[in-house]
**Q** 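The structure is given below, and queries will be raised subsequently.
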Amino acid sequence: MSDYRPDTICVQGGYTPGNGEPRQIPIIQSTTFKYATSEDMGKLFDLEASGYFYTRLQNPTNDYVAAKIAALEGGTAGMLTSSGQAANFFAMFNIAGCGDHIVSSSSIYGGTFNLMAVTMAKMGIETTFVAPDCTEEELNAAFRPNTKCVFGETIANPALTVLDIERFAKAAHEHGVPLIVDNTFPTPVNCRPIQWGADIVTHSTTKYMDGHGVAVGGAIVDSGNFDWMAHAEKFPGLCTPDDSYHGITYAEKFGQGGAFITKCTAQLMRDFGAIQSPQNAFYLNMGLESLHVRMARHCENGQAVAEYLAAHPKVERVIYCGLPGDPYYPLAQKYLPNGSCGVVSFELKGGRDAASAFMRSLRLAAIETHVADARTCCLNPASSTHRQMTDEQLRAAGIPAGLVRLSCGLEDKQDLIDDISNALEAV
Ligand SMILES: *Cc1c(COP(=O)(O)O)cnc(C)c1O
């Protein structure tokens, strides 16, 4: 299936029914699975045989959908998690533990920033944040001997900066560590970070992949390209025996293409249990079936709204990498030639008060802590998703207090522009 183009994988990837089997992926709504002998089951527990025994670790419905996302990203293995937060935490914690260090772009989702800067710091994992457009010297200077990975977002939520994936991958690889890229906003329809050197790709599937505001979820995909054994001293969890699985060494037993996801499932999912429900995986698959069609429309609406806002006298500036004047336009041309996403950020003249008057006057666009939905929605990050960040941190992340993040849905673009135009009258 991975030989097909992304549009075909969106529709049919991950699940190929046999003769007389359901056409749509079955929802295996079962916590557990039956075996004839305890020896059969023992083999599963020892990772000697593959199969299902408890849905906290693996479920067939989830695996179909994870396989589709892995195929879309061009990876070798994938897994679903209960949320995007769980996906990013698992992806990092799978290779970084107490006493380790991470290099991350400072321009990332507020929840992920908090995860690293506060919660993972409490666990003894330190993060150095670098600007996405930092110099070569600044980037290299951020690494330490105990650095275990580099993290960034293809298109940052909500700053909408575009990550120079090749540059960050090169720096990561020169220091013997993988690059983890959160590809939530462009989705693999518009960018496949593995093609540009990313080693691990994560998603909040809650956003465009679901696309209908139905189910919170996440995904992790391994490219299979990072040679763990070549840097065995840095990654003992993958390259030395795991006592909790009778001395299995993941990188040896499951190879370069399977080690990361197997360890992440066998250890982190077993111990933390942030599994996605099979029902939600089914909803996610419904979203994936039309992802390629929807992304084109989200981008068309985003571009039209961005161009309208850019020409409006009450708008201070518009942030959208599809606008030729945007500082990230050249990177977007390289990494996102078919469009970026439907999210447009803009600053109104008049700051926080103007933003709030504008948002109150919208009729189609609803105020929501959400993006990437079929229905247009908007948010003032400083008073919601990013309210735990100081003004200084907000500025460093490229999110001034008066910024409005508008997620263009799938409505008629002229109706969206009319709604925005009316609301701007009220400012
Ligand atoms: C929303 C989001 C997350 C967090 O995902 P949840 O599914 O809400 O846990 C992580 N990264 C990015 C880029 C996001 O937009």
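Sequential numbering from 1 along the given sequence is applied to the chain's residues. Just follow the structure's listing: the first ligand is 1, and inside any ligand the first atom is 1.
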**Q** Lys314: which residues meet the salt bridge (Lys or Arg N to Asp or Glu O under 4.0 Å) condition with it, sequence neighbours left out?
**A**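 With neighbours one apart ignored, the set is empty.
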**Q** If we ignore hydrogens and angles and just use 3.5 Å, is the side chain of Asn88 paired with the main-chain N or O of Asp182 as donor and acceptor?
**A**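 Between the backbone of Asp182 and the side chain of Asn88 there is no qualifying donor-acceptor contact (under 3.5 Å).
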**Q** Could you please provide the protein residues found below 4.0 Å of ligand 1 on a heavy-atom basis, arranged by chain and number?
**A**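 For ligand 1, the contacting residues are Ser83, Gly84, Gln85, Asn88, Tyr109, Thr112, Glu153, Asn157, Asp182, Thr184, Phe185, Ser204, Thr206, Lys207, Val216, Gly217.
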**Q** Test your reading of the model: is there a side-chain donor-acceptor pair from Asp7 to the backbone of His292, 3.5 Å cut-off?
**A**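 Checked: no pair found.
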**Q** Asn140: which residues meet the side-chain contact (heavy atoms from CB on, under 4.5 Å) condition with it, sequence neighbours left out?
**A**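 side-chain contact (heavy atoms from CB on, under 4.5 Å) list for Asn140, sorted by chain: Glu136, Ala171, Glu174, His175.
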**Q** Taking side chain to side chain donor-acceptor pair (under 3.5 Å) as the definition, give me every residue that meets it alongside Lys234, ordered by chain and number, with sequence neighbours left out.
**A**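 Per chain and number, Lys234 pairs via side chain to side chain donor-acceptor pair (under 3.5 Å) with no residue.
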**Q** Quick check on side-chain contact (heavy atoms from CB on, under 4.5 Å): which of Ile220, Leu284, Thr61 does Leu80 satisfy it with?
**A**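 Passing option: Leu284.
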